[in-house]
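In what follows, a single structure is set out as structure tokens and then discussed.
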Amino acid sequence: MTSDIVNVIFCLGNCVLLVNLRRMRLEKCWFCSSTVYPGHGIQFVRNDAKIFRFCRSKCHKNFKMKRNPRKVKWTKAYRRLHGKDMTQDSTFEFERKRNRPERYDRNLAENTLKAIKKIDKIRSDRASDHIKNRLKTGKVQRQKEARKQLEQGIHLVKAPLALAQDSSLCLPKIKVNVSQAQTEENQPMEE
């Protein structure tokens with residue numbers, strides 16, 4: 001568990017107070033990309049000192065089974081690869097990891113909190129637009145299938161007399177001439 005130490009200077013009248021604040025870092029799960037909060041999850045350190053953090057035992061077990069996160073349907077990697085989640089968006093730039101602690105400034109903190117709310121709203125709007133665009137193709141395809149099914153089963157919806165009167169409701173009938181040449185194959189079998 002890593003933490004950032006931030007030195008904050010408070011000026012209270014004649015006295016100056018220096019306070020060390022510890023800010024916990026939120027990590028990302030290596031397998032499913034969800035947030036790992038301090039004190040939660042499992043940390044695996046490989047022989048080459050590479051650190052893998054997992055949010056729960058489900059992710060850790062899948063990692064040990066050598067499963068590829070891009071092929072497991074519930075991971076973010078799968079969802080991004082198959083176009084179910086947004087991959088390219090300018091709001092993701094604000095989420096990147098910064099290792100340099102900043103000196104506390106009240107105005108900066110206030111502006112940051114306001115900006116976070118705006119960014120969250122923008123991101124949710126863009127995500128909903130992405131979902132709508134993704135579902136448009138399925139809607140068009142369902143409409144085509146429904147039209148085709150209706151054309152094939154129009155006799156179930158309309159009465160036969162109505163179909164006979166209005167020829168536009170029916171599929172065009174194709175007449176095929178078949179010659180009945182008597183051959184050895186068509187003759188009745190003798191017992």
### Query
Any donor and acceptor pair, going by atom type alone, linking the side chain of Thr75 with main-chain N or O of Pro69 inside 3.5 Å?
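Pair found, side chain donor or acceptor close to backbone of Pro69.
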
Side chain proximity check, [X] to [Y], heavy atoms < 4.5 angstrom:
{"X": "His60", "Y": "Lys64", "result": "yes"}
{"X": "Lys58", "Y": "Trp74", "result": "yes"}
{"X": "Lys28", "Y": "Val36", "result": "no"}
{"X": "Leu26", "Y": "Pro38", "result": "yes"}
{"X": "Lys136", "Y": "Lys139", "result": "no"}
{"X": "Lys121", "Y": "Asp125", "result": "yes"}

### Message
Between the side chains of Arg46 and Asp48, is the shortest nitrogen-to-carboxylate-oxygen separation below 4.0 Å, so that they form an ion pair?
### Response
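Salt bridge: yes.
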
#### Entry: Glu110/Lys114 salt bridge by N-O under 4.0 Å criterion
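Salt bridge between Lys114 and Glu110, a charged N being under 4.0 Å from a carboxylate O: yes.
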
Please tell me whether [X] and [Y] are part of a single hydrophobic cluster in this structure, the criterion being side-chain heavy atoms less than 4.5 Å apart.
{"X": "Ile51", "Y": "Phe31", "answer": "no"}
{"X": "Ile116", "Y": "Leu108", "answer": "no"}
{"X": "Ile42", "Y": "Tyr37", "answer": "no"}

### Task
Might you point out which heavy atoms bring Arg79 and Lys73 nearest each other, and give the distance in Å?
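Here Arg79 and Lys73 meet closest at CG-O, 4.1 Å.
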
### Nearest atoms (heavy-atom pairs only) where Cys29 meets Cys55
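It is SG-N, 3.4 Å.
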
### Task
Give the ring-plane orientation class for Trp30 versus Phe52, where under 30° counts as parallel, over 60° as perpendicular and anything between as tilted.
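Answer is perpendicular, since the angle exceeds 60°.
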
